Amino acid sequence: MKTLALIVPCFNEADVLGMFYTETTRVLDSIKDEYSAELVFVDDGSRDDTLKIVKELAATDSHVKFISFSRNFGKEAAMLAGMEYAVKADYIGILDADLQHSPDLIPKMLHYVDKEGYDVAAANREDREGESKFKSFLSDSFYKVINKVSETKITESAQDFRIMKRAVVKSIISMPENIRFSKGIFSWVGFNVKWIGHTNRERAAGETKWSITKLAKYAVDGILGFTTTPLRFSFIFAFLCAVTAGVSFIYAVIRNIIEPAYSGTVPFLLTGMFIIAFLLLLCIGILGEYLARVYTEAKDRPKYIISQSNTQVVYSLSDDE
Ligand code: UDP
Ligand code: MG
């Protein structure tokens, strides 16, 4: 019997977990002759009854596992903890708790990884149901920028909703970075991906956990995590400064030759100084951003801390296939 582990990151999802469990187990029941499935709930420091509900489910269903964080570490950390636990399964899936990722797609995804030789079957969002125009615009702009500056191409509509073979998950969890941007990591590790069109449903209950500030941070993490191009901006600015300095010098010399009594250079000097100060500050800011990241990585803090769990997170890179 092949094993499947489905990771479900949950942050304050008490309103929807019951529905999620009913719908997902119905799908898993339909494939139980071929796959023995586990549901791995990762409670990302929820402040509502999420953990209580998950524990109740675990008490009645031995296929339910849970990992609960000591505080909110973010969806990236939740997915990582889930993968570090679930890597022992043959197939590892990730789906949101809010039923926006339709569990009905699971058998189809399994078919591609198990029968068609793909390493990953991932959902590709076909429309923007339930997303504001403003959010769509920001998201479009973000993917345009990241795909311009980064060597790792990131499919705009690619979702975290996916089923992967163990080898893929092993390589994902072997990436040591602390500031994790899964969309980039999924794409960076490569492998043979089958994209499956998927229309996001409306959230079944509760509300989105992504504020504009959380999304902005996510976008910056994504760009700085997957490219060093911004570091090169300093060279471009340095070049522009040199050109400007050259032109103003020539201007001053010529003007002084033609017009010996001329003494109106002060405004130009001031403008020049401000331009230089602005550029220097900008470059220092960019360096600072990277320095902050080096600092964070160098500290090498745990990516999450589990306060309680009914299972053990065991992970070793040297584990056999
Ligand atoms: N999530 C999480 N930690 C967070 C934010 C979200 O584990 O800090 C989970 C959340 O419970 C859900 C999934 O990540 O299962 C996607 O979140 P959400 O539905 O709020 O995002 P959206 O669909 O609005 O992009
Ligand atoms: Mg959602």
Side-chain angles (χ1 to χ4, degrees), residues 5-21 23-24 39-54 57 64-86 93-103 105-106 122-140 142-143 154-162 178-183 185-186 198-219 221-222 303-307 309:
L6 287 178
I7 301 161
V8 192
C10 308
F11 177 49
N12 296 341
E13 299 290 9
D15 293 343
V16 78
L17 277 178
M19 268 184 272
F20 173 87
Y21 176 76
E23 203 162 315
T24 311
L39 276 174
V40 185
F41 290 97
V42 186
D43 164 39
D44 183 14
S46 298
R47 290 179 282 269
D48 64 358
D49 284 339
T50 298
L51 181 59
K52 184 173 158 248
I53 295 169
V54 167
L57 295 174
V64 172
K65 305 288 176 213
F66 69 87
I67 293 166
S68 178
F69 288 175
S70 57
R71 63 165 170 86
N72 181 241
F73 280 85
K75 187 183 175 188
E76 291 292 333
M79 290 194 290
L80 180 67
M83 285 189 275
E84 287 183 344
Y85 164 72
I94 303 178
L95 79 168
D96 285 359
D98 57 9
L99 286 174
Q100 285 192 295
H101 296 164
S102 165
L105 218 59
I106 292 167
N124 200 10
R125 192 172 50 178
E126 280 176 331
D127 72 0
R128 287 269 175 72
E129 193 95 11
E131 190 177 279
S132 72
K133 281 228 159 60
F134 182 58
K135 203 170 161 186
S136 302
F137 165 76
L138 287 181
S139 149
D140 282 346
F142 165 67
Y143 286 102
I154 293 157
T155 319
E156 173 172 1
S157 50
Q159 300 199 290
D160 296 333
F161 182 21
R162 57 187 59 224
N178 280 298
I179 302 168
R180 295 185 81 85
F181 178 68
S182 278
K183 279 217 165 88
I185 292 175
F186 287 147
H198 174 248
T199 307
N200 254 17
R201 291 196 262 163
E202 292 277 347
R203 207 174 217 289
E207 54 194 39
T208 178
K209 308 300 178 290
W210 291 91
S211 58
I212 285 288
T213 39
K214 246 184 170 176
L215 279 172
K217 187 183 166 294
Y218 182 71
D221 283 350
K303 294 171 199 72
Y304 54 83
I305 299 161
I306 295 171
S307 64
S309 165

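Counting starts at 1 for both ligands and their atoms, following the listed order. Because the structure is predicted, anything quoted here is derived from the model rather than measured.
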Task: Contact summary for Pro9 and Met79, nearest pair of heavy atoms - done: CG-CG, 4.2 Å
Open item on the list: Using a plain distance cutoff, I'd like to know if Ala97 has any nitrogen or oxygen under 3.5 Å from a nitrogen or oxygen of ligand 1.
Closed with: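 Yes; at least one N/O pair falls below 3.5 Å.
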Task: Glu207 N/O under 3.5 Å from ligand 1 N/O - done: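 There is no such contact.
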Could you grab the distance from atom [atom1] of [X] to atom [atom2] of [Y], nearest 0.5 Å is fine?
X	Y	atom1	atom2	value
Leu80	Ile185	CG	CD1	8.0 Å
Asp15	Arg203	CG	CZ	9.0 Å
His198	Glu126	NE2	CD	9.0 Å
His101	Leu95	NE2	CG	7.5 Å

- [ ] I would like to know whether Leu6 and Ile106 meet side-chain contact (heavy atoms from CB on, under 4.5 Å); could you show each step before the answer?
- [x] CA-CA 10 Å; Leu6 287 178; Ile106 292 167; 3.6 Å; yes
Side chains of [X] and [Y]: closer than 4.5 Å at any heavy-atom pair?
X	Y	value
Tyr21	Ile53	no
Tyr218	Glu76	yes
Leu215	Leu138	no
Phe66	Asp43	no
Ile154	Phe186	no

I'd like to check which ligand 1 atoms, numbered from 1 as shown, lie under 4.0 Å from a non-hydrogen atom of [X].
X	result
Asp44	2 (C), 3 (N), 4 (C), 7 (O), 8 (O)
Asn72	3 (N), 4 (C), 8 (O)
Asp96	13 (C), 15 (O), 16 (C)
Cys10	7 (O), 11 (O)
Asp98	19 (O), 23 (O)
Arg203	18 (P), 19 (O), 20 (O)

Give the residue, atom name and distance (to 0.1 Å) of the protein heavy atom nearest [atom].
atom	answer
atom 12 (C) of ligand 1	Glu13 OE2, 3.3 Å
atom 9 (C) of ligand 1	Pro9 O, 3.6 Å
atom 17 (O) of ligand 1	Trp210 NE1, 3.7 Å
atom 8 (O) of ligand 1	Lys214 NZ, 3.0 Å
atom 6 (C) of ligand 1	Lys209 CB, 3.7 Å
atom 14 (O) of ligand 1	Lys75 CD, 3.2 Å
atom 24 (O) of ligand 1	Thr208 OG1, 2.5 Å
atom 1 (N) of ligand 1	Phe11 CB, 3.8 Å

Open item on the list: With a sphere of 6.0 Å drawn around NZ of Lys217, does it hold more than 12 non-hydrogen atoms of other residues, nucleotides or ligands?
Closed with: no
- [ ] Show all protein N/O/S atoms under 2.8 Å from the Mg ion (ligand 2), or state that there are none.
- [x] Asp98 OD2, Gln100 OE1
Open item on the list: Contact between ligand 1 and Met79 is defined here as a heavy atom of the residue under 4.0 Å from a ligand atom; is it met?
Closed with: no
Open item on the list: Does the Lys NZ or Arg CZ of Arg71 fall within the cation-pi geometry relative to Phe73 - under 6.0 Å from the ring centre and within 45° of the axis?
Closed with: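 That pair qualifies as a cation-pi contact.
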TODO: Could you tell me whether the side chains of Glu13 and Thr50 share a donor-acceptor contact shorter than 3.5 Å?
DONE: no
